[in-house]
Amino acid sequence: MDKLAIQGGARLRGEIRISGAKNAALPILCAGLLTAETLRLENLPKLKDISTSLTLLGHIGMQVELDDKNSVDLQAAHLDKLEAPYELVKTMRASILVLGPILARYGEARVSLPGGCAIGSRPVDLHIKGLQAMGAEIHIEHGYIHAKATRLQGARIFMDTVTVTGTENLMMAATLANGATVLENAAREPEVFDLAQCLIAMGAKIEGAGSDTITITGVETLHGATHKIMADRIETGTYLVAAAMTQGQVRLLGTRADTLDAVLEKLREAGAQIDVESDSISLRMQRRPRAVSIKTAPYPAFPTDMQAQFMALNCIADGVSRVTETIFENRFMHVQEMQRLGADIEVEGNTALVRGVDKLEGAVVMATDLRASASLVLAALVAEGETVIERIYHIDRGYECIEEKFSQLGARIRRVH
Ligand code: EPZ
């Protein structure tokens, strides 16, 4: 199994290009199921989760034509299997996003329940409740969701917890429903907004995406379109934190600062100098970072997908900080691995108290989930000596060409087979 070997100590310098967003691409690929015409997607990231998604869509019967310029043509003229099997769903929870589109277009779907995950129980009850509110008959059998509806009906749906993929699944389903659907307490994440932009380009009637109330007026059919996937704000944030931790100077191209307010504010608080242009962000750090306390919450608050990276920064920062995780109940798996590198962290409930140390020391550590593994790469970049990170398949799920990009910025990093 591949590992990453990282020699710490290099200050990151230079420019890299940011890839398309994994968490926008995954639902948008599923939007291709809503029309018989061609949906062309550009700026598609080359990631393990994207290939898993394309395999699933191909299994269902979608024509998939991928070119070497990060674009794909999708055509779901006719689907021969209205199901997402456990074998594919178990490797990627976001497979649940085929449920709404298949049910809305074909009136029937059979999708494996995603099951548990390293960072939390992650139920999909709100996806199911929302579809039931739109008139679907749903029962769970042998670990599968069986859903049926002659035609979904518009409904007012209040989600008592903000859910990103729940909002996306219901928004996609509502585009072909009879009448208007109102999603209350909807997720406001930029990826939800990007999906809405793509659906509107396909002829959907959607208002309020990006706010906590989204209104979708159903239409008979959707047509083909071309859509460019937004930049990955979490990949952007990860490289910015890496630059801050190594007291470096970097410029990230093809990205947007307006999706990262909470993250940039915390980086400035840590002492970073940040310059923003229309499609690039530059960061310069000329001192040891100051410790910054963070508390995760739904957008536009501080993203949970940046929590582990900021914990790594606080491990070597000047001072004491509190890191509070409010979204997932088990998202501190990186703590024990960072302690192996010499970090001083105490966890109590959903809060970690981090005392910055002068230095970390290289060791062998293990990746447990996508963002935890990214935080271990960051810690390794500043640790003395060599760090070896095992189980890096987690990283390949969400970071395109990570060792090439870090090498481009001067890091000493290599993949060990
Ligand atoms: C999305 O997951 C992202 N994944 C996650 O990114 C991200 O961490 C998360 O949103 C929060 O921002 C994708 O977009 C593919 P949720 P999602 O439903 O939609 C509870 C990464 O690192 N909940 O917003 O699955 C749930 O348990 C990944 O790229 C219910 O109770 O997350 C959690 O506590 C990790 N019932 C909270 O809501 C439901 O039906 C938020 O989860 C649905 C969710």
Side-chain angles (χ1 to χ4, degrees), residues 19-31 45 47-50 52-53 56 89 91-100 111 113-133 138 140 145 157-172 183 185-195 212 229-230 232-238 259-260 262-263 295-309 325-331 333-334 350 367-375 394-400:
S19 304
K22 168 179 83 78
N23 291 346
L26 292 174
I28 292 175
L29 286 167
C30 297
L47 300 169
K48 196 151 175 313
D49 275 7
I50 298 298
T52 305
S53 189
L56 172 61
V89 174
T91 62
M92 185 187 69
R93 314 177 46 75
S95 309
I96 189 80
L97 287 162
V98 301
L99 177 61
V111 175
L113 276 169
C117 161
I119 65 177
S121 57
R122 303 184 73 178
V124 291
D125 56 316
L126 296 171
H127 301 234
I128 293 171
K129 272 193 208 134
L131 292 171
Q132 287 171 324
I138 298 187
I140 313 285
I145 302 165
I157 301 167
F158 175 78
M159 292 171 278
D160 56 13
T161 303
V162 174
T163 162
V164 175
T165 49
T167 300
E168 293 166 342
N169 228 338
L170 299 176
M171 184 164 72
M172 288 193 278
L183 301 179
N185 199 28
R188 302 169 56 187
E189 268 67 7
E191 294 77 16
V192 173
F193 184 81
D194 202 39
L195 170 63
D212 60 6
I229 306 270
M230 65 175 280
D232 195 314
R233 64 191 170 105
I234 305 299
E235 184 195 26
T236 304
T238 303
T259 62
L260 279 164
V263 170
K295 184 174 184 176
T296 68
Y299 190 87
F302 190 92
T304 174
D305 294 348
M306 284 300 302
Q307 177 255 99
Q309 298 90 319
E325 174 60 54
T326 73
I327 307 262
F328 294 110
E329 67 272 25
N330 190 31
R331 204 167 204 181
M333 300 285 277
H334 38 284
N350 69 345
T368 48
D369 62 79
L370 169 58
R371 307 305 171 183
S373 43
S375 71
H394 288 289
I395 288 182
D396 296 335
R397 296 189 54 191
Y399 290 91
E400 185 173 337

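In listed order, ligands and their atoms are each counted from 1. This chain uses plain numbering: 1 for the first residue, then up along the sequence.
For Val162, the closest heavy-atom approach to ligand 1 falls below 4.0 Å.
The N/O atoms of Leu126, backbone and side chain alike, include one that comes under 3.5 Å of an N/O atom in ligand 1. The N/O atoms of Asn23, backbone and side chain alike, include one that comes under 3.5 Å of an N/O atom in ligand 1. No N or O atom of Glu189 sits closer than 3.5 Å to an N or O atom of ligand 1. Not a single N or O atom of Ala94, backbone or side chain, sits closer than 3.5 Å to an N or O atom of ligand 1. Considering backbone and side-chain atoms alike, Thr165 places an N or O below 3.5 Å from some N or O of ligand 1. Residue Val164 has at least one N or O atom closer than 3.5 Å to an N or O atom of ligand 1.
Under a 4.0 Å criterion applied to the non-hydrogen atoms of Ile327, ligand 1 contributes the atoms 33 (C), 34 (O), 41 (C). The atoms of ligand 1 that sit less than 4.0 Å from any heavy atom of His127 are 40 (O). The distance from ligand 1 to the heavy atoms of Lys22 drops below 4.0 Å at these ligand atoms: 21 (C), 29 (O).
Counting all heavy atoms, side chain and backbone alike, Ser373 lies closest to Ala367 at CB-CB, 3.3 Å. Contact detail for Leu126 and Thr163: the closest heavy-atom pair is CD1-CG2, 3.9 Å. Looking at every heavy atom in both residues, Leu170 comes nearest to His127 through CD2-O, 3.6 Å. Of all heavy-atom pairs spanning Val111 and Leu99, the tightest one is CG2-CD1, 3.9 Å. Residues Glu329 and Ser121 come closest through the heavy atom pair OE2-N, 2.7 Å.
With respect to Arg188 and Asp212, no salt bridge is recorded, no charged nitrogen being found less than 4.0 Å from a carboxylate O. Salt bridge present: Asp305 and Arg331 bring a charged side-chain N and a carboxylate O closer than 4.0 Å.
Of all protein heavy atoms, the one closest to atom 43 (C) of ligand 1 is Pro123 O, 3.3 Å. Among all non-hydrogen protein atoms, the one lying nearest atom 25 (O) of ligand 1 is Arg122 NH2, 2.9 Å. Regarding atom 6 (O) of ligand 1, its nearest protein heavy-atom neighbour is Asp305 OD2, 3.0 Å. The shortest contact between atom 11 (C) of ligand 1 and any protein heavy atom is with Thr304 CG2, 3.8 Å. Distance from atom 38 (O) of ligand 1 to its nearest protein heavy atom, with residue and atom name: Thr161 CG2, 3.4 Å. Counting protein heavy atoms only, atom 18 (O) of ligand 1 is closest to Thr163 OG1, 2.6 Å. Here the protein heavy atom with the shortest distance to atom 32 (O) of ligand 1 is Phe328 CZ, 3.9 Å. The nearest heavy-atom contact from the protein to atom 36 (N) of ligand 1 is Asp125 OD1, 2.7 Å.
Between the side chain of Asn169 and the backbone N or O of Gly100, at least one donor-acceptor pair lies under 3.5 Å. Checking side-chain atoms of Asn185 against main-chain N and O of Phe158 turns up no donor-acceptor pair under 3.5 Å.
Each of His394, Lys22, Arg371 was evaluated against Tyr399; a single residue qualifies, Arg371, per the side chain to side chain donor-acceptor pair (under 3.5 Å) test.
Residues satisfying the ring-ring contact (aromatic ring centres under 6.0 Å, His included) test with Phe302, not counting sequence neighbours, are Phe310. Not a single salt bridge (charged side-chain N to carboxylate O under 4.0 Å, His left out) links Lys295 to another residue, sequence neighbours left out.
With a 4.0 Å cut-off on non-hydrogen atoms, Glu329 does not touch ligand 1 at all.
For atom 35 (C) of ligand 1, the nearest non-hydrogen atom from the set Glu191, Arg371, Arg331, Met159 comes from Arg331.
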